[in-house]
Amino acid sequence: MSMTMRVLLALGAGALLGLVLAVASPSAAEAAAGFFQPIGRLWLNALQMTVVPLVAALVVLGINAASEAAASGRVARNALIVFVVVLSLVAAFAAVFAPLLFGLMPRDPAMVESLRSALSAGEVVDVTLPGVGERIAALVPTNAIAAAAANAMLPLVVFSLFFGFALSRIEGELKATLMNVIKGIGEVMIVIVRWVLWAAPLGVFALVLAVTARVGLHMLQALAWYIIGMCIIYLGATLLMYVIARVAAGEPVRRFAKAVAPAQAIAASTQSSLASLPAMVESARVRLGYPLSVTSLVLPMAVSLFRINSPTQYIGVAAFIAWAYGIDLTAGQMAMGAALAVVVSMGAVGLPGQVSFMATNMPVVQSMALPVEPLGVLLALDTIPDVFATLGNVTADVAATGIVAKHTADVTDVPGAAEPAPPPDTSA
């Protein structure tokens, strides 16, 4: 049985047992919640302890991977620019759309108080932010180690960006040594996360049972709204790709939709961007007529570095947590979350699905001064909206290829050019 299925079964079992206890005996439900909540929190703490070194390593490695790709030629540089711009546009879209969408969903004030009690041991989250000038000054940490210790993710990422760009300027053996050390740190953190995720069924069971025993049906309703909301947000980002293809690549919407449909069908059925790569090549080469010299470089880069629904997910998850806890997000919080989401998404594409969910959503949620406790529950539900996420990623890959093809006017097919080599296998 796959890990995803075990986690989903644990979620169902925890929810069912919690509801039975809540209905049969409120006192027994409270006692069970008090027993299982520390177990779930222990599991979540074990995941959280890896976030700071993992995110710092991923940002540095992502910067250097992008720098090496850009050095390979003008097409690659243009592709990276397109990736960053489109990711930023999608992050801005999600930052505006996600809070509005969840704000339309009904929310019981009693659920807010119960969730705080069940997931945060009754702690009230302090979301008071300093002034604009203080927030800007705080972006550059006076002490990177202190920022890491305080889980100040945005200053830590800014330091990691500086470190990554500086490391890309160093040549020779020293750079290779440092890159190996940083890559080793990242790999060690991933191994630890996988160990912790091995206990995910127990952790999710404990978290869901504790919450459901105290919140009752309100918890299941909130999770249903989460699934519906994330699917709508992913579909909105996908539709945005048609607009971008029309405006930036000059593709008629009907022509683009017809061309990308076969790749979308494979993406929806496999939930894998990599498995959709051959179909994307056919869509771009045969149906849309883009040069082979562009498609052979841009599409593998896109599968390796570019997933538009990564920042969409991070912001959507944060918006749901804010909605569920009754927290009103400010424009400054959304802007910080969107900026961090773009940076993190570029460095975390190669992570396995469940590792990626925790390692990338935690920094964004923390940077927006939101509680991270719900992430352990939402991890179990990530598989359901992932179909729509992969659909949007594949659509964006083809749209980005069209933009690069249009704005690299002197690129022509090279006789005998090879088809694109598949990138390393990564999750959808």
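We use all heavy atoms of the structure for the numbers below, so side chains are in, but hydrogens, waters and symmetry mates are not.
- Shortest non-hydrogen contact noted between L54 and G186 is CD1-O, 3.8 Å.
- Q264 places no side-chain N or O within donor-acceptor distance of the main-chain N or O of L391, the cut-off being under 3.5 Å.
- No side-chain donor-acceptor contact under 3.5 Å links N361 to the backbone of L375.
- Between F163 and I182 there is a side-chain heavy-atom pair separated by less than 4.5 Å.
- Atom CH2 of W323 sits about 13.5 Å away from atom CG of L329, to the nearest 0.5 Å.
- Taken from CG in L288 to CE in M280, the straight-line distance is 13.0 Å, to the nearest 0.5 Å.
- Closest non-hydrogen pair, S283 versus V260, comes out as OG-CA, 4.1 Å.
- When side chains are defined from C-beta on, L340 counts as touching P363, because their heavy atoms get closer than 4.5 Å.
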*Give the intermediate values and the outcome of side-chain contact (heavy atoms from CB on, under 4.5 Å) for residues V59 and V343.*
CA-CA 7 Å; V59 171; V343 175; 4.1 Å; yes
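- In plain terms, the two heavy atoms of L44 and V372 that are nearest each other are CD2-O, 3.8 Å.
- How far CD1 of I321 is from CZ of F102: 10.0 Å, rounded to the nearest 0.5 Å.
- Ring geometry for F93 against F97 counts as parallel: the plane angle stays under 30°, on a 0 to 90° scale with 60° as the upper cut.
- Counting heavy atoms from C-beta outward, V344 and L58 have side chains that stay 4.5 Å or more apart.
- Here the CD1-CG distance, from I233 to L100, works out to 10.0 Å after rounding to the nearest 0.5 Å.
- Remark: I190 CD1 to T50 OG1 distance equals 9.5 Å, nearest 0.5 Å.
- Taking a 6.0 Å sphere around CD1 of I145, one finds it holds 12 or fewer heavy atoms contributed by other residues, nucleotides or ligands.
- Side chains of L299 and V303 form no contact here, defined as non-hydrogen atoms less than 4.5 Å apart.
- For the pair M105/L101, a side-chain contact is recorded, criterion being any heavy-atom separation below 4.5 Å from C-beta on.
- The main-chain N or O of S310 is never found under 3.5 Å from a side-chain atom of Q313 such that the two would form a donor-acceptor pair.
- Between I266 and A279, the closest heavy-atom pair is CD1-CB, 3.5 Å.
- Contact check for L47 versus L197: side-chain heavy atoms found under the 4.5 Å cut-off.
- Applying the side chain to side chain donor-acceptor pair (under 3.5 Å) test to R246 and every residue at least two apart in sequence or in another chain returns nothing.
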May I have the step-by-step check of side-chain contact (heavy atoms from CB on, under 4.5 Å) for I170 and L167, ending in yes or no?
CA-CA 5 Å; I170 298 175; L167 183 58; 4.3 Å; yes
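- Between A206 and G40, the closest heavy-atom pair is CB-N, 3.6 Å.
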Exercise. Could you give me the CA-CA distance, side-chain angles and deciding distance for D397 and R307, then say whether side-chain contact (heavy atoms from CB on, under 4.5 Å) is met?
Key: CA-CA 8 Å; D397 291 346; R307 289 181 186 161; over 6 Å; no
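- The shortest distance between side-chain heavy atoms of V317 and Y226 falls below 4.5 Å.
- One distance of note links CG of D386 with CG of L381; it measures 12.5 Å at 0.5 Å rounding.
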For residues 13-27, which side-chain donor-acceptor pairs fall under 3.5 Å, sequence neighbours excluded?
{"residue": "S25", "atom": "OG", "partner": "S27", "partner atom": "OG", "Å": "3.1"}
{"residue": "S25", "atom": "OG", "partner": "A28", "partner atom": "N", "Å": "3.2"}

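- Between F205 and F36, a ring centre-to-centre spacing shorter than 6.0 Å is recorded.
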Task: Intermediate values then yes/no, side-chain contact (heavy atoms from CB on, under 4.5 Å), M179 and L61 - done: CA-CA 7 Å; M179 286 293 293; L61 293 174; 3.6 Å; yes
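- Considering all non-hydrogen atoms of both residues, T295 and P300 come closest at O-CD, 3.5 Å.
- Heavy-atom neighbours of K175 NZ from other residues, nucleotides or ligands within 6.0 Å: above the threshold of 12.
- The shortest distance between side-chain heavy atoms of L202 and W43 does not fall below 4.5 Å.
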